[in-house]
Number of protein chains: 2
Amino acid sequence: MKRRNTATKEAVLSVLQSSGKAMSQGAIEKKIGIDINRATIYRVLNRYCDDGVLHRIVADDGRQYFAVCIKCDEHLKPLHHFHFRCEKCETIECLPEPVHFSLSNDYVVKRVNCVITGICKDCAKS
Amino acid sequence: MKRRNTATKEAVLSVLQSSGKAMSQGAIEKKIGIDINRATIYRVLNRYCDDGVLHRIVADDGRQYFAVCIKCDEHLKPLHHFHFRCEKCETIECLPEPVHFSLSNDYVVKRVNCVITGICKDCAKS
DNA sequence: TGTATTATTGCAATATTGTCGCAATAAATA
DNA sequence: TATTTATTGCGACAATATTGCAATAATACA
């Protein structure tokens with residue numbers, strides 16, 4: 001399944017890159033300017049996740065958020081960092097803080113999803 | 001708002017206590033034997049959370065899971081431990097492993113939700 | 001450049017999770 | 001036993017996310 005370049009895909013990625021944060025489908029749709037179908041945005045996001053371009057975070061509001069994999073290379077495991085969800089500005093930022101845990105070898109670890117929820121430093125000021 | 005004892009509430013708590021794991025509304029409904037309305041189960045679970053009897057985990061499947069607060073006293077912060085979600089047996093277990101992270105004081109932390117997803121040690125064997 | 005292939009998209013429908021209003025029921029108290 | 005009101009069941013609803021299908025358009029190739 002070879003990928004094709006489309007304006008839609010580029011627009012979605014561009015929004016995420018310029019925001020620098022993890023965004024939900026709804027937030028992307030608001031920011032993107034052009035009119036793109038909801039289902040299409042989800043499909044674009046899912047494909048980017050499959051390709052390792054984005055990573056997915058599920059916050060404790062039950063929604064999916066997507067962020068550009070900046071440091072997601074073979075050295076630093078993609079999802080093993082904390083995320084901070086601000087309840088005020090409705091954004092999620094990737095924290096540099098890595099997630100450490102030890103688990104018996106009997107367990108097979110596939111994904112790690114860590115979200116701290118509260119008020120971010122920008123919103124806490126005002 | 002004084003609480004009242006009902007068979008429904010006791011049955012829900014009993015299921016969670018005997019399982020020893022975190023369960024979703026759906027899983028509770030399957031195990032509980034008696035016929036209880038979906039909305040009622042949610043309301044019972046939410047009330048238990050308000051009262052500090054249960055704690056809520058949101059897994060990366062986007063669903064809410066509920067577990068008895070065994071060590072949730074004033075010494076050990078309730079939600080600051082890891083959870084492991086097994087994709088095979090569809091359960092979530094509370095790990096003894098505490099969650100450590102450092103965050104600038106500018107942030108206000110309200111909740112921590114950490115879920116490791118994979119195959120648990122019991123399912124990995126078979 | 002023109003054509004064929006098939007990845008991508010839009011639309012509508014659907015599944016799932018969780019909540020809410022309202023009337024009926026039943027637990028606790030006097 | 002009678003009263004108060006927390007709890008429950010039912011139905012409706014909201015929101016998120018996915019899927020099937022037909023139409024569109026990006027890519028490769030003649």
Side-chain angles (χ1 to χ4, degrees), chain A residues 1-16 22-51 53-67 85 87 90-92 111 113 115 117, chain B residues 1-16 22-51 53-67 85 87 90-92 111 113 115 117:
Chain A
M1 179 88 75
K2 222 175 273 176
R3 300 296 185 213
R4 292 178 183 177
N5 295 323
T6 67
T8 295
K9 290 173 66 176
E10 281 169 26
V12 169
L13 193 57
S14 167
V15 166
L16 284 170
M23 298 172 75
S24 65
Q25 176 276 325
I28 293 169
E29 192 172 346
K30 273 187 200 163
K31 274 255 175 160
I32 206 166
I34 56 177
D35 191 52
I36 304 176
N37 186 268
R38 229 184 45 248
T40 302
I41 296 180
Y42 275 113
R43 276 187 284 224
V44 168
L45 292 169
N46 284 330
R47 266 176 282 159
Y48 275 137
C49 285
D50 291 343
D51 297 347
V53 176
L54 299 179
H55 63 272
R56 182 195 321 264
I57 306 112
V58 179
D60 57 356
D61 59 1
R63 287 190 291 178
Q64 301 183 355
Y65 290 77
F66 301 86
R85 179 168 79 92
E87 289 183 318
E90 300 269 349
T91 64
I92 292 191
R111 285 183 297 283
N113 191 75
V115 181
T117 302
Chain B
M1 178 89 74
K2 221 174 275 178
R3 301 295 185 214
R4 292 179 183 177
N5 294 325
T6 68
T8 296
K9 290 172 67 175
E10 280 170 26
V12 169
L13 193 57
S14 166
V15 166
L16 285 170
M23 299 172 75
S24 66
Q25 176 275 324
I28 293 169
E29 192 172 344
K30 272 186 201 163
K31 274 256 174 159
I32 207 166
I34 56 178
D35 191 52
I36 303 177
N37 186 268
R38 218 162 40 99
T40 301
I41 295 181
Y42 275 114
R43 276 186 285 223
V44 167
L45 291 169
N46 284 332
R47 264 175 284 160
Y48 275 137
C49 284
D50 292 342
D51 297 346
V53 176
L54 300 179
H55 63 273
R56 181 195 322 264
I57 307 113
V58 179
D60 58 355
D61 60 0
R63 287 190 291 178
Q64 302 182 356
Y65 290 76
F66 302 85
R85 178 168 79 91
E87 289 183 316
E90 301 269 349
T91 63
I92 292 191
R111 285 184 296 283
N113 192 74
V115 181
T117 302

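Computed over heavy atoms, backbone and side chain alike; hydrogens, waters and symmetry mates excluded. Because the structure is predicted, anything quoted here is derived from the model rather than measured.
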Rounded to the Å, how far apart are [X] [atom1] and [N] [atom2]?
| X | N | atom1 | atom2 | result |
| --- | --- | --- | --- | --- |
| B:Leu45 | D:dT8 | CG | C1' | 14 Å |
| A:Asn37 | D:dC21 | CG | P | 17 Å |
| A:Asp50 | C:dT8 | CG | C1' | 15 Å |
| A:Ile41 | C:dT9 | CD1 | C1' | 12 Å |
| B:Arg43 | C:dC20 | CZ | P | 10 Å |

Test of understanding: with side chain to side chain donor-acceptor pair (under 3.5 Å), list the residues that count as partners of B:Thr117, not counting sequence neighbours.
B:Asp60

Does C:dT8 have OP1 or OP2 sitting under 4.0 Å from an N or O in the side chain of A:Arg47?
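It does, given that an N or O in the side chain of A:Arg47 lies less than 4.0 Å from OP1 or OP2 of C:dT8.
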
Distances under 3.5 Å between protein N/O atoms and the N/O atoms of nucleotides 14-18 of chain C, please, pair by pair.
| residue | atom | partner | partner atom | Å |
| --- | --- | --- | --- | --- |
| C:dT17 | OP1 | B:Arg63 | NH1 | 3.0 |
| C:dG18 | OP1 | B:Gln64 | N | 2.5 |
| C:dG18 | OP2 | B:Tyr42 | OH | 2.4 |
| C:dG18 | O5' | B:Tyr42 | OH | 3.3 |
| C:dG18 | N7 | B:Arg38 | NH1 | 3.0 |
| C:dG18 | O6 | B:Arg38 | NH2 | 3.4 |

Protein-nucleic acid N or O pairs under 3.5 Å, nucleotides 27-30 of chain C:
| residue | atom | partner | partner atom | Å |
| --- | --- | --- | --- | --- |
| C:dA27 | N3 | B:Arg4 | NH1 | 3.1 |
| C:dA28 | OP1 | B:Asn5 | N | 3.2 |

So among A:Leu13, A:Asn46, A:Val44, which one has a side chain to side chain contact (heavy atoms under 4.5 Å, CB included) with A:Leu54?
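With A:Leu54 as partner, A:Leu13, A:Asn46, A:Val44 yield a single side chain to side chain contact (heavy atoms under 4.5 Å, CB included), made by A:Leu13.
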
Taking salt bridge (charged side-chain N to carboxylate O under 4.0 Å, His left out) as the test, write out the residues that go with B:Asp51, two or more places apart.
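Partners of B:Asp51 under the salt bridge (charged side-chain N to carboxylate O under 4.0 Å, His left out) test: B:Arg3.
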
Which residues pass the salt bridge (charged side-chain N to carboxylate O under 4.0 Å, His left out) test with B:Glu10, sequence neighbours left out?
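With neighbours one apart ignored, the set is empty.
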
Can you list, pair by pair, the side-chain donor-acceptor contacts under 3.5 Å of residues 24-39 of chain A, counting residues two or more places apart and other chains?
| residue | atom | partner | partner atom | Å |
| --- | --- | --- | --- | --- |
| A:Ser24 | OG | A:Ala27 | N | 3.2 |
| A:Gln25 | NE2 | A:Glu29 | OE1 | 2.5 |
| A:Asn37 | OD1 | A:Ala39 | N | 2.9 |

If you measure from CG on A:Leu45 to OG1 on A:Thr40, what distance do you get to the nearest 0.5 Å?
10.5 Å

Of the candidate nucleotides C:dT19, D:dT18, D:dT8, which contains the atom at the shortest distance from the side chain of B:Ala39?
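The nucleotide sitting nearest to the side chain is C:dT19.
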
Just checking, is any N or O donor in the side chain of A:Asn113 or A:Arg56 under 3.5 Å from an acceptor N or O on the other one?
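Checked: A:Asn113/A:Arg56 side chains show no N/O donor-acceptor pair below 3.5 Å.
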
